[in-house]
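Keep in mind that this is a model prediction, so the values were computed, not measured. Counting convention: from 1, in listed order, for ligands and their atoms alike. Throughout, numbering of the chain's residues begins at 1 and tracks the sequence.
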Amino acid sequence: MKNSEYKYGGVLMTKPYYCKDKSILVHADTFEFLSKMKSESMDMIFADPPYFLSNGGISNSGGKVVSVDKGDWDKVGSLEEKHEFNRKWIRLAKQVLKPNGSIWISGSFHNIYSVGMALEQEGFKILNNITWQKTNPAPNLSCRYFTHSTETILWARKNNKTARHYYNYDLMKELNDGKQMKDVWTGSLTKQSEKWAGKHPTQKPEYLLERIILASTQENDYILDPFVGSGTTGVVAKRLARRFIGIDSKKDYLKIAKARLEREIKQEDI
Ligand code: SAM
């Protein structure tokens, strides 16, 4: 093994941006990195890819008019380009997913139809279509549409007869007061108290990742987030004793993810 190489659970990688206590952050283009990872090595993938909604529009945040633009990484030239992007990363994700693993992908109407189509085209079977209903969505400033108050999270596994995905049915039922957990999950936008480490335009709330991880993985499982951003998946994976690899092409975001992971590890030590 060369000095610049690194092994993690059988996964050969270049030296990561951060690595501690079974949590790894990688600074890389996800397409490049996924194509180098060991095949069938991950138990679960959660991905919050670009929604491609940065079109120069406006929204509302804390009573102020703000741009909806998230950054250059959230812009795309055409419908075809958007779909090609989704097909390509989903194809690579399938290669690194174990035969009995599963994948969760979040999105809004801007990208989720492409994601769903790409999942089926690349040989996945969609297991659930989760609706995340936000209790405090931003109001619609134009007053020409209904208030956008939901996002979708698709859950899928490989589409073959032998694939057996893991679902912790009993725990989900217990968490829902003894009744079967439904596919509409209601809760607030990400709380300010979770945003202490810095600004990421699309930081996901921790409670969503907690449910996803508890539902579909067991302790010590390998979880991958190919668009890790501020590191929400990693923080919750750490809290729940899962192993984690997160990839992002922006160092500024990885800095936030690292600070959040460090705090999580420190709290564990107390
Ligand atoms: N779930 C994350 C969180 O809670 O903070 C937010 C993820 S955000 C929607 C998508 C992320 O993907 C951004 O941080 C962006 O920098 C990253 N990204 C976009 N294209 C990428 C690429 N080709 N390779 C690696 N990261 C990429």
Side-chain angles (χ1 to χ4, degrees), residues 13-14 16-18 23-37 44-54 59 68-77 81-93 96 103-112 114-115 118 130 132 134 151-154 187-213 223-239 244-261 263-264:
M13 50 175 66
T14 46
Y17 173 81
Y18 175 78
S23 299
I24 286 194
L25 296 173
V26 181
H27 179 226
D29 176 68
T30 217
F31 292 94
E32 243 175 68
F33 191 76
L34 289 178
S35 59
K36 286 189 205 138
M37 277 181 70
M44 188 273 261
I45 298 173
F46 171 80
D48 182 16
Y51 287 14
F52 297 124
L53 54 73
S54 295
S59 180
V68 297
D69 286 7
K70 313 294 177 199
D72 285 346
W73 54 267
D74 196 53
K75 291 184 178 143
V76 78
E81 220 180 287
K82 179 185 346 193
H83 195 55
E84 189 45 39
F85 178 96
N86 286 326
R87 280 200 74 168
K88 203 167 154 197
W89 80 258
I90 287 171
R91 191 177 310 143
L92 293 167
V96 302
I103 184 167
W104 301 77
I105 310 175
S106 65
S108 59
F109 66 86
H110 306 87
N111 69 329
I112 206 68
S114 161
V115 165
I130 306 291
W132 170 35
K134 302 168 189 175
E151 287 186 29
T152 299
I153 308 170
L154 299 178
S188 69
L189 296 170
T190 309
K191 293 189 210 120
Q192 281 307 321
S193 59
E194 292 176 17
K195 295 186 177 177
W196 61 271
K199 196 171 159 45
H200 188 290
T202 64
Q203 182 173 331
K204 281 276 177 294
E206 292 176 10
Y207 70 84
L208 281 184
L209 271 303
E210 188 174 293
R211 187 172 294 175
I212 286 169
I213 290 174
I223 298 177
L224 168 74
D225 186 333
F227 301 98
V228 72
S230 69
T232 313
T233 314
V235 168
V236 181
K238 177 86 226 133
R239 198 173 295 157
F244 180 71
I245 300 180
I247 310 164
D248 207 287
S249 52
K250 293 246 173 281
K251 259 206 181 141
D252 286 353
Y253 296 156
L254 288 173
K255 215 166 135 188
I256 302 173
K258 178 181 168 188
R260 293 179 74 197
L261 270 171
R263 183 160 99 166
E264 202 55 44

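The N/O atoms of D225, backbone and side chain alike, include none that comes under 3.5 Å of an N/O atom in ligand 1. Annotation: W73 places no N or O atom under 3.5 Å from an N or O atom of ligand 1; distance criterion only. By the 3.5 Å distance cut-off applied to N or O atoms, Q203 is not counted among the residues near ligand 1. For ligand 1, one of its N or O atoms has an N or O atom of T232 under 3.5 Å away.
Within ligand 1, counting atoms from 1 as listed, the ones closer than 4.0 Å to a heavy atom of V228 are 2 (C), 3 (C), 5 (O). Numbered from 1 in the order shown, with element, the atoms of ligand 1 that lie under 4.0 Å from a heavy atom of K250 read 16 (O). Ligand 1 places these atoms under 4.0 Å from at least one heavy atom of Y253: 14 (O), 16 (O). Each of the following atoms of ligand 1 lies closer than 4.0 Å to a heavy atom of D29: 22 (C), 23 (N), 24 (N). The K204 neighbourhood of ligand 1 comprises atoms 1 (N), 3 (C), 4 (O), with distances under 4.0 Å to a heavy atom of that residue. Which parts of ligand 1 touch G229 is read off a 4.0 Å heavy-atom cut-off, strictly below it: atoms 5 (O), 14 (O). Of all atoms in ligand 1, numbered sequentially from 1 with element shown, those under 4.0 Å from a heavy atom of S230 are 3 (C), 4 (O), 5 (O).
No part of D74 comes within 4.0 Å of ligand 1, judged by heavy-atom distances. Residue-level proximity to ligand 1 for A28 is carried by the backbone, the only part with a heavy atom below 4.0 angstrom.
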**OP:** Quick one: do H27 and Y18 satisfy side-chain contact (heavy atoms from CB on, under 4.5 Å)? Show the steps, please.
**Re:** CA-CA 9 Å; H27 179 226; Y18 175 78; over 6 Å; no

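Remark: minimum distance from atom 24 (N) of ligand 1 to any protein heavy atom is reached at T30 N, 2.9 Å. Protein heavy atom nearest atom 1 (N) of ligand 1, with residue, atom name and distance: D48 OD2, 2.8 Å. Atom 18 (N) of ligand 1 has as its closest protein heavy atom F227 CD2, 3.7 Å. Shortest contact from atom 13 (C) of ligand 1 to any protein heavy atom: D248 OD2, 3.5 Å. Protein heavy atom at the shortest distance from atom 27 (C) of ligand 1 is S249 OG, 3.4 Å.
Heavy atoms of other residues, nucleotides or ligands lying less than 6.0 angstrom from NZ of K75 number more than 12. A 6.0 Å sphere centred on NZ of K195 holds more than 12 heavy atoms belonging to other residues, nucleotides or ligands. Counting heavy atoms of neighbouring residues, nucleotides and ligands inside a 6.0 Å radius, atom NZ of K134 exceeds 12 of them.
The structure places CE of M37 at 6.0 Å from CD1 of I247, a figure rounded to the nearest 0.5 Å. To the nearest 0.5 Å, the span separating CD on E151 from CG on D48 amounts to 7.5 Å. Summarising the geometry, atom CZ belonging to F46 is positioned 11.5 Å from atom CG belonging to L224; distances are rounded to the nearest 0.5 Å.
Checking N111, T202, I256, V26 against atom 9 (C) of ligand 1, the nearest heavy atom belongs to T202.
D225 contributes no side-chain N or O that, together with a main-chain N or O of A47, makes up a donor-acceptor pair within less than 3.5 Å.
V236 pairs with exactly one of I213, I212, L208 by the side-chain contact (heavy atoms from CB on, under 4.5 Å) rule, that one being I213.
The six-membered or imidazole ring of F227 lies away from that of W73, with a centre-to-centre distance of 6.0 Å or more.
The closest side-chain donor-acceptor pair between Y51 and S106 falls under 3.5 angstrom.
Under the 30°/60° scheme for interplanar angles, the aromatic rings of H200 and Y253 are found to be tilted.
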